[in-house]
Peer 1: 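Here it is, the structure, as structure tokens.
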Amino acid sequence: MTAMLDAPTGGRLGRDDSQAAKLRNVDWSLVLLVGAIVGFGVVAILSATRNQVGYELVNKQIVFAVVGTTLMVAVGLIDYDKLRAFLPLIGIITVVVLIAVLSPLGTEVRGTKGWFNVAGFSLQPAEFAKIPLIVLLAALFTGRTGNVEAPRIVASLGILGALAALVLLEGETGSVLVYCFIALGIFTVAGIPARVLTLLMVSGVAVFSLILSSNLLKEYQVARLTSFVDPNASAADSYNQTQSVNTIGSGGLTGQGLFEGPQTQLGFVPEQETDFIFTVIAEELGFVGAAAVLLLEGLILIRIFRISQLARDGFGTLICMGVFSMLLIHIFQNVGMTLRLMPITGIPLPFVSYGGSSLITSLLCIGLVQSVSVHRRRGNLERSY
Amino acid sequence: MGVVAVVALLLFGTLGARLYFLQVMSVQEKLELVAGNSERTVITEAPRGEIFDASGKLLAGRRESLVVTLDWTVLREAGGETRTEVFEELADELSTAGLKTKASQLDRTYERAVNGTLKPVVIADDIGEELWVRLSEGNLTGISVERQWVRTYPYGTIAAHILGYTGSVRSPEQADELNAETDKTYFPGDEIGIAGLEKLYEERLRGVPEVRRVEVDAQNRVVRTIEVVQPAIPGQDLVLTVDIDVQYAAEQILIDELEQARFRENSDDSLPHVADAGSLVAVDVENGSVVAIASYPAFDPADFTFGISSTLWNELSNRPDVPLLDRTIRGAYPAASTFKPFVAFAAMEAGVRSEGFWWDDEGTYTLESCLDEEGAGCVFRNAGSAVLGPVDLRYALERSSDTYFYSIGEAFWINQSQYGRTGIQDMALRFGFGQRTGLGLPAESPGRVPTPENRIETFGEDAKWFPGDNVITAIGQGDVLITPLQLANAYATLATQGERFQLNLVRGFLNEDGELDEVAPVQVADEQLDPQQWQAVHDGLLAVVDPSRGSGRGTALRAFQGFPLSSYPIAGKTGTAEVDDKADFSLFAGYGPANAPKYSVAAVLEQSGFGGEAAAPAVRRFFEHLAGITPVPEAPLAGERELAIFGISEQSTVLADDVDPFGSLVAPRAQSVPQSEAVDPAAADDEESSE
């Protein structure tokens with residue numbers, strides 16, 4: 001806090017690039033919230049995996065958190081505006097990596113061919129690709145003019161379509177959903193007229209239906225998406241979701257106690273350290289714990305929303321709202337899946353689920369948001385909206 | 001941006017509401033659902049009671065065996081491809097460990113197990129620690145390793161027939177049946193007594209299984225015990241009247257005498273002495289306790305522990321000497337001349353003949369009722385057509401005069417109004433023939449005391465009773481059938497002058513404090529034989545073995561030569577049973593010490609020649625042990641058993657005790673008697689034919 005006190009207060013309007021000003025403009029409550037929820041997640045992962053592998057996954061997750069935090073700080077200190085200079089490069093690298101993972105360089109994990117094995121860690125480009133998607137779309141709608149024109153919409157759909165198609169080929173159906181939602185969020189904030197948006201959504205659904213009925217998706221992926229509608233479609237998925245719902249219910253108001261949830265500890269909760277981590281928390285810590293997680297996630301979203309409002313320019317606002325949309329759909333889809341509100345799609349709960357790609361991506365996104373916060377116009381932190 | 005915020009609020013609101021509904025409003029319902037996930041009831045069989053001999057040596061024990069089991073329900077769920085993989089890998093593992101196994105064998109075992117049993121099937125037992133560890137780590141679907149209680153029979157084949165063997169409950173239906181019939185609880189796959197004492201005392205030997213509620217994890221592994229609903233109560237231990245060393249001595253004598261019989265030249269006719277089977281039985285005349293009960297050939301009950309292999313089963317059941325048959329209680333033989341003392345009592349009591357009456361034995365006897373005819377069926381001969389001259393009752397027994405007893409037989413027939421229609425048969429029943437001994441072992445034959453009435457019952461209206469039947473019955477041939485145990489029992493009754501006890505193999509049961517609750521002897525008859533008449537028969541039987549007691553021409557003199565009869569007198573009778581197309585069956589029954597009877601011993605050696613040749617020496621040698629003249633050898637323990645792989649069908653075969661593997665042993669019949677062609681009831685083991 002001394003840094004803030006020592007920071008120069010006067011000076012020119014607009015940018016204040018001094019280190020002290022940067023520190024002062026960091027959204028510290030967002031830092032605390034993210035730290036709290038990542039810590040929460042580590043404890044939940046420990047509970048979910050200690051019987052099987054001891055501290056192995058917890059230790060890995062801590063490593064991911066450290067790496068992610070480092071990257072977050074680095075990104076936060078860089079002016080996001082500098083990204084504009086590298087947009088074509090970002091686009092090309094993203095596409096190349098997503099194609100590379102389809103080549104023999106990539107490996108297959110649980111039916112999705114979307115992983116790189118690097119030094120014993122599995123990386124999932126589809127997760128990381130969300131960042132360039134956000135940056136590219138945000139940049140596209142905040143050119144020199146700032147107008148929303150048909151060519152831009154077409155270009156953004158082109159970017160979205162290219163990335164989504166590649167990710168779909170990898171078998172990451174869940175990520176496609178996230179990509180579309182990110183785009184939808186950015187489109188909305190960018191001011192695309194409601195009728196255009198409606199048209200886009202209708203044609204999106206049409207395309208999705210076409211894909212479902214084609215042979216592009218693997219059988220189990222279709223089954224997963226349809227089992228939600230027809231519980232008899234896939235016994236295994238339906239079983240998993242039933243287990244999850246029953247387990248969450250059994251947690252009650254205050255839970256069975258940390259490390260004491262029979263369903264978790266005996267392994268009845270499927271994928272309990274990743275996709276169903278929320279179920280673990282809900283069983284062991286009850287409604288209180290589960291609501292606390294939702295509250296933390298919600299507060300993080302509120303901070304991001306606030307920062308987007310304070311952003312120096314439209315680019316910053318759209319980056320924040322892209323991150324906002326991404327986190328929102330992750331949270332809703334993941335928690336909704338555990339509560340049988342949504343189909344099973346293997347989308348992790350941000351900051352909480354075990355997994356390096358997801359955690360590092362989320363932290364990088366927070367880094368971007370912090371960059372927007374750090375490089376905002378002076379003084380308007382106090383401004384209410 | 002406002003729109004996005006509203007959407008976000010709506011989505012969070014939805015999640016929160018659903019969460020509240022599940023966790024706060026339906027917690028009770030969900031708790032119950034979840035509890036059902038991880039709670040299982042595990043039923044573990046209690047250790048089976050053990051069987052000890054009279055001196056406390058273990059005859060049927062129990063030990064824990066490391067076994068490999070196959071759970072067909074899991075394998076069926078897993079699908080054909082996984083099954084093939086599992087079976088191939090398991091066959092590899094077993095073969096590497098020295099149990100040559102093919103995947104196809106395992107597949108057959110699986111096919112047979114499907115729907116056959118609820119419990120996993122044991123596919124290999126007594127696996128080594130190494131294989132145990134490998135398989136417990138291997139995580140082969142549907143294959144597990146367990147510790148299981150198994151029966152052990154330390155003495156192998158010794159006393160195998162009375163001990164019997166165990167198998168397992170075959171099907172849910174059989175388990176239901178057992179649960180309805182008995183106080184005990186059975187599940188498919190549980191151990192159950194199938195034969196011998198294992199079957200007879202199933203209710204005592206079987207314990208009460210442990211019922212535990214346990215918590216299991218998602219892989220169905222037991223994590224902890226929630227509650228022991230019913231603790232295991234081990235089965236009751238059994239103590240037998242038989243001393244295993246004495247039993248072993250009896251079996252060895254039998255084996256030895258049969259071997260000698262095979263080498264003895266057949267003086268009578270051209271039929272060879274096959275001498276491949278026999279029995280030797282001894283009972284305590286004072287209380288009916290069985291002292292020894294040997295049946296040869298025998299089997300190893302341990303072969304049945306996990307279900308006998310079909311190869312071995314076929315071999316055992318198709319062998320001409322039927323080793324699975326307990327001849328002491330299921331072998332039905334003509335009594336032959338061992339029957340004569342009882343005919344003598346009948347004659348004296350009815351007044352047909354007094355002990356002092358002298359009969360002229362001319363070597364043949366011609367029926368009075370057909371003196372006019374020249375029919376060959378009217379003439380009956382002594383064995384070897386010997387002419388014995390004048391004989392009284394004592395001498396007739398000593399020398400085993402047939403004509404003496406032929407004449408009694410016909411006299412009973414001719415003077416029915418005076419002596420009663422079935423005087424001989426009635427006397428036989430009073431000595432325990434024609435009925436089970438009360439030993440209780442499964443499938444005991446009641447033997448047969450033939451009467452005109454039961455012949456018609458058995459063989460139909462056309463099976464008429466001729467005078468010749470009475471004649472032949474009087475020498476224990478024809479339709480007279482006895483079991484070796486009945487014979488020993490009848491001579492015990494004779495020894496006690498008419499007191500007959502229910503035969504008993506069990507001295508008692510060990511109670512919870514390890515003390516013996518003894519089984520009290522049950523006297524079933526007191527015939528109160530006339531002392532004078534009894535003395536006459538007794539004297540005759542003494543003369544059979546002891547030259548100083550009679551004319552010195554008794555039928556078993558040679559067998560008892562050198563036996564200290566003055567200090568340990570023995571009374572007995574030889575029998576030589578004629579059997580269709582077979583060499584004579586050798587019989588001997590007697591009791592000793594004759595001055596204060598303690599033991600009754602009977603031996604039947606199939607296709608071994610005269611009674612005095614094979615059976616009498618066997619009985620003599622056994623009396624040497626009983627009298628303390630020859631020390632009793634120590635019964636040897638059976639060696640370690642080898643690894644084996646089993647399948648379920650083998651188990652099923654053996655469990656069916658309605659299958660009669662003994663059909664080939666048709667009870668022998670005498671020649672020269674008018675008879676119908678009907679099958680022998682003793683071989684058919686008709687439970688209802690008991691009188």
Side-chain angles (χ1 to χ4, degrees), chain A residues 51-52 184-186 188-189 191 194 197 242-243 245-256 261-263 265-270 272 278 282-283 286-291 294-295 297-298 301-302 305 308-309 317 321 324-325 327-329 331-336 338-341 385, chain B residues 1-42 73-74 76-79 81-82 136-137 139 141 212-227:
Chain A
N51 283 348
Q52 283 77 45
L184 188 63
I186 291 177
T188 310
V189 178
L197 273 183
T242 305
Q243 285 292 352
V245 167
N246 292 346
T247 305
I248 290 171
S250 73
L253 189 63
T254 52
Q256 305 269 6
Q263 288 282 97
Q265 300 305 325
L266 299 174
F268 285 102
V269 179
Q272 54 185 10
F278 185 77
E283 183 192 22
F287 181 71
V288 172
L294 286 182
L295 184 69
E297 298 276 16
L301 289 182
I302 289 171
F305 192 85
S308 82
Q309 289 181 317
T317 302
M321 288 316 288
F324 182 98
S325 306
L327 294 179
L328 179 62
I329 188 62
I331 294 162
F332 184 73
Q333 162 56 34
N334 177 278
V335 176
T338 66
L339 297 171
R340 194 148 58 195
L341 287 171
Y385 63 98
Chain B
M1 276 179 77
V3 179
V4 177
V6 168
V7 168
L9 276 175
L10 278 176
L11 293 183
F12 266 76
T14 312
L15 293 181
R18 172 78 172 155
L19 197 60
Y20 185 80
F21 169 76
L22 282 178
Q23 295 201 283
V24 181
M25 293 171 67
S26 40
V27 56
Q28 277 314 321
E29 173 206 336
K30 299 300 182 194
L31 270 175
E32 280 162 29
L33 283 171
V34 164
N37 257 342
S38 54
E39 274 186 37
R40 301 273 186 282
T41 301
V42 175
T73 50
V74 174
R76 191 170 62 172
E77 203 128 294
E81 232 169 88
T82 313
S136 17
E137 286 168 352
N139 283 331
T141 310
R212 256 188 321 152
R213 279 200 309 131
V214 297
E215 190 173 80
V216 297
D217 66 10
Q219 282 73 48
N220 222 8
R221 286 180 299 226
V222 174
V223 179
R224 68 180 180 96
T225 299
I226 301 168
E227 184 192 6

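Proteins get letters first, then strands, A, B, ... in listed order; numbering begins at 1 in each. Computed from heavy atoms alone, side chains included, the values below leave out hydrogens, waters and symmetry copies.
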Peer 1: What part of A/I248 gets within 4.5 angstrom of chain B, counting heavy atoms only: side chain, backbone, both, or neither?
Peer 2: both

Peer 1: Identify the two heavy atoms, one from A/F287 and one from B/G16, that lie closest to each other, and give their separation to 0.1 Å.
Peer 2: CE1-O, 4.2 Å

Peer 1: Counting only non-hydrogen atoms closer than 4.5 Å, does B/Y20 touch chain A with its backbone (N, CA, C, O), its side chain (CB onward), both, or neither?
Peer 2: both

Peer 1: Heavy atoms only, distances under 4.5 angstrom: which of A/N51, A/T247, A/L294 has the most pairs with chain B? Name it, please.
Peer 2: A/L294

Peer 1: Heavy-atom cut-off 4.5 Å, strictly under: side chain, backbone, both or neither for A/E297 against chain B?
Peer 2: both

Peer 1: Measuring from atom CD of A/E283 to atom CD of A/Q256, what distance do you get when rounded to the nearest 0.5 angstrom?
Peer 2: 5.5 Å

Peer 1: To the closest 0.5 Å, what do you measure between CG (A/N246) and CD (B/E32)?
Peer 2: 11.0 Å

Peer 1: Is it the case that the side chain of B/Q23 and the backbone of A/A282 share a donor-acceptor pair, with hydrogens and angles ignored and the cut-off at 3.5 Å?
Peer 2: yes

Peer 1: Which atoms of A/V245 come close to chain B, meaning under 4.5 Å heavy atom to heavy atom: side chain ones, backbone ones, both, or neither?
Peer 2: both

Peer 1: Could you tell me which portion of A/T338 (side chain, backbone, both or neither) has an atom closer than 4.5 angstrom to a non-hydrogen atom of chain B?
Peer 2: neither

Peer 1: So which atom in A/Q243 and which in A/P270 form the shortest heavy-atom distance, rounded to 0.1 Å?
Peer 2: CB-CD, 4.4 Å

Peer 1: With chain A, which of B/V3, B/V4, B/L19, B/V24 has the greatest number of heavy-atom pairs at distances under 4.5 Å?
Peer 2: B/L19

Peer 1: Considering only heavy atoms and a distance below 4.5 Å, find which of B/L33, B/L15, B/L31 pairs most often with chain A.
Peer 2: B/L15

Peer 1: Is it the backbone or the side chain of A/I331 that comes under 4.5 Å from a heavy atom of chain B, or both, or neither?
Peer 2: both

Peer 1: Locate the shortest heavy-atom distance separating B/F12 from A/L328; write the atom from each residue and the value.
Peer 2: CE1-CD1, 3.7 Å

Peer 1: Between A/V335, A/T317, A/L253, which has the largest tally of heavy atom pairs under 4.5 Å with chain B?
Peer 2: A/V335

Peer 1: Do you know the tightest heavy-atom contact between B/L10 and B/T14?
Peer 2: O-OG1, 2.7 Å

